[in-house]
Student: 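Here it is, the structure in full.
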Amino acid sequence: MNATVSDRKVHVPLGERAYDILIGPGLIARAGAEIASRLKGRKAAVITDENVAPLYLDALVKSLEASGITAATLVLPAGEKTKSFEHLMNVCDKVLEARIERNDFVVALGGGVIGDLTGFAAGIVRRGVRFVQVPTSLLSQVDSSVGGKTGINSRHGKNLIGVFHQPDLVLADADVLNTLSEREFRAGYAEVAKYGLIDKPDFFAWLEANWKSVFSGGAERIEAIAASCQAKSDVVVADEHENGQRALLNLGHTFGHALEAATAYDSARLVHGEGVAIGMVLAHEFSARMNLASPDDARRVERHLKEVGLPTRMSDIPGALPPAEVLMDAIAQDKKVKSGKLTFILTRGIGQSFVANDVPSSEVLSFLKEKHPQ
Ligand SMILES: NC(=O)c1ccc[n+]([C@@H]2O[C@H](COP(=O)([O-])OP(=O)(O)OC[C@H]3O[C@@H](n4cnc5c(N)ncnc54)[C@H](O)[C@@H]3O)[C@@H](O)[C@H]2O)c1
Ligand SMILES: [Zn+2]
């Protein structure tokens, strides 16, 4: 395969923090060369998890060494619990032990958990060292590896401790997705569909026509990842620190986060992307209820997400959910409520989402009661 022909590049133009995202087949084997041609450092600390390590760590280290880069490695447990102070300390210690200086770099090889944790460590060790993302889950390739949000969880909630620290390079190897479980792939796909629903109706229509090829791999998969990275980059460049429009990326997430909390973050019942899928259908239905959009749009969103195998209704979640009032409390905790009004991402139709600052919480509660009768 002539890999360079099918590589796609998305440039994130953030001034002195600008970087490239490369998307293509076989990128892990070429990582050393791509990094060495862009970064000066010849020392790296590679952080990964126990699922990804046996599959891709050797190939990545060999590729770095072939380009004259020495690599220290650290393999952490897989899963959301790894985004903790304990493991942050382990990563910081590994980076210092490897004597990573400011021109050297840290590599995150894994999904969003490893990316968020490693990015945070890179942002604070020596007040910031260089950082390369090698995302290996679909979610991390299309979302978490781009945009510079890094962090860990606190007992007060998810992602509450962290810094903005942009990577210096993102290498998204589309082939590694072949070892991802079908369920994790679908969950990442919900975020891909999200970009269409935010402001790219043509992309959503393209996904409706081409999703099978995106799932099976090849050119369409690379196209979908590149379009998603471009969409995320556009939003991040317009509002890097989330003062306004970056909130659009939370379409479906207010309901989704409430459902994740209601299922105690038990991945056997619900993973993030599945919550987002149900949340996006709810956001479209709620917008129709507020007479902002046609109910046909909500049906169209649901049809597509269901077709790819994602859950689309609260009743699709195995096990009992708490009553609507408890879901509403979770929403109120996630979003600041100002005198009974909530900030929500609503829509006027497919690809016409907007930030609404004045959604009455009473409306949301009666909508939830309707959707989830006890
Ligand atoms: N920083 C951001 O902007 C941002 C955005 C969205 C999500 N996130 C964060 O991302 C995290 C979720 O990311 P995720 O869904 O990638 O979760 P994850 O990192 O837990 O990966 C999911 C599972 O897939 C495994 N895996 C990853 N790549 C694999 C591969 N190629 N083959 C086989 N198995 C593989 C992992 O070991 C893990 O078990 C959450 O913590 C979330 O808060 C961050
Ligand atoms: Zn998300």
Side-chain angles (χ1 to χ4, degrees), residues 27-28 47-57 59-60 75-84 87 108-120 123 131 133-154 157-167 170 172-195 197-198 217 228-229 232-233 235-236 240-242 246-257 259-260 265 267-268 270-280 345:
L27 264 172
I28 289 197
I47 317 301
T48 189
D49 77 25
E50 65 201 2
N51 294 336
V52 176
L55 296 166
Y56 305 113
L57 184 57
L60 178 63
V75 180
L76 298 173
E80 189 66 34
K81 287 199 170 66
T82 296
K83 280 172 58 172
S84 66
H87 289 298
L109 171 69
V113 164
I114 290 298
D116 281 11
L117 172 72
T118 305
F120 186 19
F131 165 46
Q133 289 266 23
V134 185
T136 61
S137 65
L138 181 58
L139 183 136
S140 58
Q141 294 193 351
V142 300
D143 193 350
S144 62
S145 68
V146 178
K149 276 194 185 177
T150 74
I152 58 173
N153 303 325
S154 141
K158 273 189 73 174
N159 299 327
L160 291 179
I161 302 158
V163 294
F164 281 98
H165 187 58
Q166 298 290 345
V170 181
D173 184 333
D175 289 341
V176 305
L177 302 178
N178 293 331
T179 56
L180 196 65
S181 72
E182 178 98 4
R183 186 173 176 212
E184 290 288 356
F185 190 94
R186 279 198 294 260
Y189 183 88
E191 306 278 5
V192 174
K194 180 186 77 177
Y195 295 113
L197 296 175
I198 291 173
S228 301
C229 290
K232 176 132 188 200
S233 168
V235 175
V236 167
E240 187 180 0
H241 297 119
E242 193 160 332
R246 189 167 174 161
L248 286 171
L249 296 171
N250 291 328
L251 174 64
H253 282 61
T254 301
F255 288 122
H257 285 157
L259 294 171
E260 282 186 273
Y265 302 93
S267 59
L270 191 75
V271 297
H272 175 76
E274 293 170 341
V276 171
I278 299 171
M280 290 193 300
I345 312 305

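All figures in this text were calculated on a predicted structure; none of them were measured in a lab. Indexing begins at 1, ligand by ligand and atom by atom, following the structure's order.
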Student: Kindly indicate whether the side chain of Lys158, heavy atoms from C-beta on, has any atom under 4.5 Å from the side chain of Glu80.
Tutor: yes

Student: Report, as a single number, the protein N, O or S atoms less than 2.8 Å from the Zn ion (ligand 2).
Tutor: 3

Student: For the atom pair CG (Asp175) and CG (Leu27), what is the distance rounded to the nearest 0.5 Å?
Tutor: 8.5 Å

Student: Short question: side chain of Asp49, backbone of Leu76 - any donor-acceptor pair under 3.5 Å?
Tutor: no

Student: Determine the minimum heavy-atom distance between Ile152 and Leu117, stating which atoms define it.
Tutor: CG2-CD1, 3.7 Å

Student: At less than 4.0 angstrom from any non-hydrogen atom of Tyr56, what atoms of ligand 1 do you find?
Tutor: 31 (N)

Student: Can you list the atoms of ligand 1 that are under 4.0 Å from a heavy atom of Asp49?
Tutor: 36 (C), 37 (O)

Student: Taking N or O atoms only and a 3.5 Å limit, does Arg246 qualify as a polar contact for ligand 1?
Tutor: no

Student: Out of Glu50, Glu260, Arg183, Glu184, whose heavy atom sits nearest atom 22 (C) of ligand 1?
Tutor: Glu184

Student: Without hydrogens or angle criteria, can the side chains of Thr179 and Tyr56 be said to hold a donor-acceptor pair below 3.5 Å?
Tutor: yes

Student: For ligand 1, which atoms sit closer than 4.0 Å to a heavy atom of Leu55?
Tutor: 32 (N), 33 (C)

Student: How far is atom 27 (C) of ligand 1 from the closest protein heavy atom, and which atom is that?
Tutor: Thr136 OG1, 3.4 Å

Student: Would you check if the side chain of Glu260 reaches a backbone N or O of Leu270 as a donor-acceptor pair within less than 3.5 Å?
Tutor: no

Student: Supply the atom-to-atom distance Asn51 CG to Ser137 OG, rounded to the nearest 0.5 angstrom.
Tutor: 11.5 Å

Student: For the backbone of Asp143 and the side chain of Glu191, can you confirm whether one donor and one acceptor N or O come within less than 3.5 Å of each other?
Tutor: no

Student: What residue and atom, counting heavy atoms only, is the protein's closest point to atom 42 (C) of ligand 1, and at what distance?
Tutor: Lys83 NZ, 3.8 Å

Student: For atom 6 (C) of ligand 1, which protein heavy atom lies nearest, and how many Å away is it?
Tutor: Asp143 OD2, 3.7 Å

Student: Check whether any side-chain heavy atom of Ser144 lies under 4.5 Å from a side-chain heavy atom of Leu139, and answer yes or no.
Tutor: yes

Student: Considering residues at least two apart in sequence or located in another chain, which fulfil the side chain to side chain contact (heavy atoms under 4.5 Å, CB included) criterion with Ala187?
Tutor: Val271

Student: Ligand 1 and Leu139, any nitrogen or oxygen pair closer than 3.5 angstrom?
Tutor: no

Student: Keeping the roles fixed (side chain from His165, backbone from Val163), state whether a donor-acceptor pair exists under 3.5 Å.
Tutor: no

Student: Heavy-atom distance to atom 10 (O) of ligand 1: which of Gly79, Ser267, Gly110, Gly112 wins?
Tutor: Gly112

Student: Pick, from Ile114, Leu180, Asn51, the option with the minimum heavy-atom distance to atom 24 (O) of ligand 1.
Tutor: Leu180

Student: Return the closest protein heavy atom for atom 1 (N) of ligand 1 as residue, atom name and distance.
Tutor: Lys149 O, 2.8 Å

Student: Say you draw a straight line from CD1 of Ile47 to CG of Leu109; how long is it, rounded to the nearest 0.5 Å?
Tutor: 10.0 Å

Student: Starting from atom 4 (C) of ligand 1, which protein heavy atom do you reach first, and at what distance in Å?
Tutor: Ser144 CB, 3.2 Å

Student: Give a yes or no on whether the backbone of Pro77 and the side-chain of Thr82 come within a donor-acceptor separation of less than 3.5 Å.
Tutor: yes

Student: Nearest protein heavy-atom contact for atom 21 (O) of ligand 1: which residue, which atom, what distance?
Tutor: Gly111 CA, 4.2 Å

Student: Give the residue and atom name of whichever protein heavy atom lies nearest to atom 3 (O) of ligand 1, and the separation in Å to one decimal.
Tutor: Lys232 NZ, 3.5 Å

Student: What's the separation between atom CD1 in Ile345 and atom CE in Met280, rounded to the nearest 0.5 Å?
Tutor: 13.0 Å

Student: Does a side-chain N-to-carboxylate-O contact under 4.0 Å join Glu240 and Arg246?
Tutor: no

Student: By number and element, which atoms of ligand 1 are closer than 4.0 Å to a non-hydrogen atom of Lys158?
Tutor: 43 (O)

Student: Would you check the N or O atoms of Ser137, main chain and side chain alike, for any that come under 3.5 Å of an N or O of ligand 1?
Tutor: yes

Student: Which atoms of ligand 1 are found less than 4.0 Å from any heavy atom of Thr179?
Tutor: 30 (C), 31 (N), 32 (N), 33 (C)

Student: Do the side-chain N and O atoms of Asn159 and Lys149 include a donor-acceptor pair separated by under 3.5 angstrom?
Tutor: no

Student: Should the pair Phe164 and His241 be assigned to parallel (<30°), tilted (30 to 60°) or perpendicular (>60°) ring geometry?
Tutor: perpendicular

Student: So which protein heavy atom does atom 20 (O) of ligand 1 come closest to, and at what separation?
Tutor: Val113 CG2, 3.4 Å

Student: Below 4.0 Å from ligand 1: does a non-hydrogen atom of Glu80 turn up there or not?
Tutor: yes

Student: Show me which atoms of ligand 1 lie under 4.0 Å from any heavy atom of Val52.
Tutor: 26 (N), 27 (C), 28 (N), 29 (C)

Student: Report the part of Val146 (side chain from C-beta onward, or backbone N, CA, C, O) that has a heavy atom under 4.0 Å from ligand 1; answer both or neither where that applies.
Tutor: neither

Student: What atoms of ligand 1 come within less than 4.0 Å of a heavy atom belonging to Asn159?
Tutor: 43 (O)

